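Computed from a prediction, not measured in an experiment: that's the story for all the values here. Just the heavy atoms: all of them, side chains too, but no hydrogens, waters or symmetry mates, feed the values below.
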Amino acid sequence: RYVGVMGNISFAIPGLSLQAGDFMFYEDGSFSVSELGFSFSAGPCEVSLNASWADGVFEGEGSIDVNPAFTAEAEFRYGGATDWWVKIQAGVNIQVGPFTIVEVGGQVGREGNIWTFGFSGAATVASASAAIRLDVELVVTSGPVIEGTALLTLFTKLELANADLLLDFP
């Protein structure tokens with residue numbers, strides 16, 4: 001049995017916002033919150049975090065944006081010592097010869113006895129950064145099982161090529 005308080009409570013002042021919503025208070029003393037939010041801005045920097053706590057699982061996402069130099073996003077989940085993951089993606093501008101690396105990312109997690117590690121990235125041709133882009137992701141799980149994707153796009157809309165990789169070792 002529980003008591004539920006549905007709705008959203010928010011506080012906002014210039015540059016800062018806090019919110020929470022949908023509270024559940026259970027007979028055994030536990031509780032859940034469907035939505036927790038926090039954001040602020042200061043000059044060129046904007047930060048936000050949204051999360052929830054329900055059924056013993058804490059999960060959410062966050063971002064930081066420092067215009068025009070840096071952006072980063074993260075997603076996370078924690079449901080116990082053998083049920084968790086985190087994914088991070090960052091917008092960068094790293095010149096490597098005729099190419100520019102525009103995104104890098106990574107992930108790590110565990111579900112039961114299966115571990116997951118991965119990385120991702122995106123690159124453009126330096127002289128035509130808006131014209132052509134290659135996105136790559138590679139994820140390795142226990143086994144090992146290696147999964148990957150690659151996507152080549154033109155002018156952010158036209159998909160020129162798409163490749164998937166699956167290597168499942170016994």
Say whether F99 and V104 are linked into one hydrophobic cluster, either directly or through other cluster members, by side-chain heavy-atom distances under 4.5 angstrom. no

I146 and L138: side chain to side chain contact (heavy atoms under 4.5 Å, CB included), yes or no, with the steps? CA-CA 7 Å; I146 301 170; L138 186 65; 3.4 Å; yes

What heavy-atom pair brings G105 and Q89 nearest, and what distance separates the two atoms? CA-OE1, 3.8 Å

To the nearest 0.5 Å, atom OG of S39 lies from atom CG of L49 at 9.5 Å

Could you pull out the closest heavy-atom pair between N50 and G37, with the gap in Å? OD1-CA, 3.6 Å

Out of E159, E137, R133, which residue meets the side chain to side chain contact (heavy atoms under 4.5 Å, CB included) rule with L151? E159

Would you compute the distance between atom CD of E59 and atom CH2 of W53 and round it to the nearest 0.5 angstrom? 11.0 Å

Do F119 and V86 share a hydrophobic cluster, counting only Ile, Leu, Val, Met, Phe, Trp and Tyr and linking them when any side-chain heavy atoms are less than 4.5 Å apart? no

F70: ring-ring contact (aromatic ring centres under 6.0 Å, His included) partners, not counting sequence neighbours: none

Count I, L, V, M, F, W, Y as connected when their side-chain heavy atoms are under 4.5 Å apart, and connections chain through other members. Are F169 and W115 then in the same cluster? no

F23-F11 co-clustered via ILVMFWY side chain contacts under 4.5 Å: yes

Starting from the C-alpha separation in whole Å, work towards a yes-or-no answer on side-chain hydrogen bond (donor to acceptor under 3.5 Å, both in side chains) for T100 and Q95. CA-CA 4 Å; T100 302; Q95 192 77 34; 3.1 Å; yes

So which heavy atom on W84 is nearest to which on V108, and how close? CZ3-O, 3.7 Å

Could you give the distance from CG (N162) to CG (D135), rounded to the nearest 0.5 Å? 10.5 Å

Give me the one residue out of L166, I114, L167, V140 that meets side chain to side chain contact (heavy atoms under 4.5 Å, CB included) with V145. L166

Heavy-atom closest contact (L36 atom, A20 atom, distance): CD2-CB, 3.9 Å

Determine the interplanar angle of the F76 and F58 rings, folded into 0 to 90°, and report it as parallel if under 30°, tilted if 30 to 60°, perpendicular if over 60°. tilted

Can you see which heavy atom on C45 is nearest to which on V66, and at what distance? SG-CG2, 4.2 Å

Roughly how far, to the nearest 0.5 Å, is OG1 of T153 from CG of L158? 8.5 Å

Whether R110 side chain and G112 backbone form a donor-acceptor pair below 3.5 Å: yes

State yes or no: do V125 and L154 share one hydrophobic cluster built from I, L, V, M, F, W and Y residues joined by side-chain heavy-atom distances below 4.5 Å, directly or via other members? yes

Are the side chain of D28 and the backbone of S30 linked by a donor-acceptor contact shorter than 3.5 Å? yes

First locate atom CZ of F40, then atom CG of L16, and finally report the distance between them rounded to the nearest 0.5 Å. 8.5 Å

Sub-3.5 Å donor-acceptor pair from the side chain of E46 to the main-chain atoms of S48, do we have one? no

Supply the atom-to-atom distance W85 CH2 to Q107 CD, rounded to the nearest 0.5 angstrom. 9.0 Å

Given 3.5 Å as the limit, does a donor-acceptor pair link the side chain of T116 with the main chain of T141, or not? no

